[in-house]
Student: 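Pasting in a structure now, in structure tokens, and then I'll have a few things to ask.
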Amino acid sequence: MHQLALFDAGESVLVEDERGRIEYVPHFVPPSLAQAWFVELRSAVGWEAGRRWMYDREVDVPRLTAHFDLGQGEPDGRPPAAVRAAAGRVATRTRVPFNSVGLNLYRDGRDSVAAHNDHLDELAPGFPIALVSLGATRRMTIRAKEPPRRVLNVDLEGGSLLVMSYETQQHYTHGVPKTAERVGERISLAFRVRPASVASAGGARNGRYR
DNA sequence: CCGGGTCACACGGG
DNA sequence: ACCCGTGTGACCCG
């Protein structure tokens, strides 16, 4: 089948048990397209440098961020074309009605995201998270919260897709640690289905997908 | 979810 | 083979 070849990217299932399912798909996006998306997003997105109050002091968020709602947005607040294209490609493969995408720009090895799991209140129950990576490869560390404490190190390559099931967020943490290695810029697009109570008016749906 | 502190250990030059 | 400084990352804490 033709259509199959388009998506046959040597995917591998990293986790599949009662604690969740994690699938990694290298070359989900052809290299030249992934590169074009990276270039567009790097310059077209209004990247924000956040600061957060953590414990006793205010600190920089160690990466740049942006966010878009998907679905029938106003023509004005429409996401960049590369985001819409990526969303379409992800939706075609996963069949999940994602309505939100969070973008992260890791400028170099000093940028990072600490180990965490996505907040379940901001995730529609049962729906997975899909993560598209562009640009430089960064390592993600995924570890089970309870014994057996499996630890996975996944090198997220440009053009890859990582899909983590909803249950994964209950049983695992994930993060992108700082590294002293010299690494180039990486952009990630994290697709989520946010519950109607959280998502902005419009896109949310319920039921019948997995 | 963050940076800083502590500690263990791999590595390599002398 | 050994010593030891340095780099790197794992873990812990508020």
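Chain identifiers are assigned alphabetically (A, B, ...) following the order of the sequence lines, protein sequences preceding nucleic acid strands; residue numbering begins at 1 within each chain. Model, not experiment: these values are computed from the prediction.
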Student: How long is the line joining CG of A/Asp111 and P of B/dC2, in whole Å?
Tutor: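 It works out to 10 Å between those atoms.
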Student: Nearest to the side chain of A/Arg143, which nucleotide is it out of C/dG14, C/dC11, C/dT8?
Tutor: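 Among C/dG14, C/dC11, C/dT8, the one nearest the side chain of A/Arg143 is C/dC11.
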Student: For nucleotides 3-6 of chain B, give me every protein contact, N/O to N/O, under 3.5 Å, one pair per line with atom names.
Tutor:
| residue | atom | partner | partner atom | Å |
| --- | --- | --- | --- | --- |
| B/dG3 | OP2 | A/Lys178 | NZ | 3.2 |

Student: Specify the separation, in whole Å, of atom CD of A/Glu181 and atom P of B/dA10.
Tutor: 18 Å
Student: Expressed as a whole number of angstroms, how long is the span from A/Arg139:CZ to C/dT8:P?
Tutor: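 For the pair A/Arg139 CZ and C/dT8 P, the rounded distance is 15 Å.
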Student: Spell out, as yes or no, whether a donor-acceptor pair under 3.5 Å connects the side chain of A/Gln169 to the backbone of A/Asp118.
Tutor: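 Judged by distance alone, yes, a pair lies under 3.5 Å.
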Student: Given 3.5 Å as the limit, does a donor-acceptor pair link the side chain of A/Arg57 with the main chain of A/Trp53, or not?
Tutor: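 Between the backbone of A/Trp53 and the side chain of A/Arg57 there is no qualifying donor-acceptor contact (under 3.5 Å).
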Student: To the nearest Å, give me how far apart OH (A/Tyr106) and C1' (B/dC2) are.
Tutor: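 One finds 13 Å between C1' of B/dC2 and OH of A/Tyr106, rounded.
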Student: Could you check how far CG of A/Asp56 sits from P of C/dG14, rounded to whole Å?
Tutor: 11 Å
Student: Quick one: look up who B/dC9 pairs with, Watson-Crick or G-U, both distances under 3.5 Å, and put none if it's unpaired.
Tutor: C/dG7
Student: Charged N to carboxylate O below 4.0 Å: is that the case for A/Arg138 and A/Glu185?
Tutor: no
Student: On the ring face of A/Phe28, is A/Arg89 found with NZ or CZ under 6.0 Å from the centre and within 45° of the axis?
Tutor: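 Yes, a cation-pi geometry.
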Student: So A/Arg21 and A/Glu16, salt bridge (charged side-chain N to carboxylate O under 4.0 Å, His left out) or not? Walk me through it.
Tutor: CA-CA 4 Å; A/Arg21 175 185 163 90; A/Glu16 185 162 39; 2.6 Å; yes
Student: Just call it for A/Arg51: base, sugar-phosphate, or nothing, with non-hydrogen atoms closer than 4.0 Å on any strand.
Tutor: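 If one applies the 4.0 Å heavy-atom cut-off, A/Arg51 turns out to touch nothing in the nucleic acid.
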Student: So that I can tick it off, tell me whether A/Arg93 and A/Glu11 are bridged by a salt bridge, with the cut-off set at under 4.0 angstrom between side-chain N and carboxylate O.
Tutor: yes
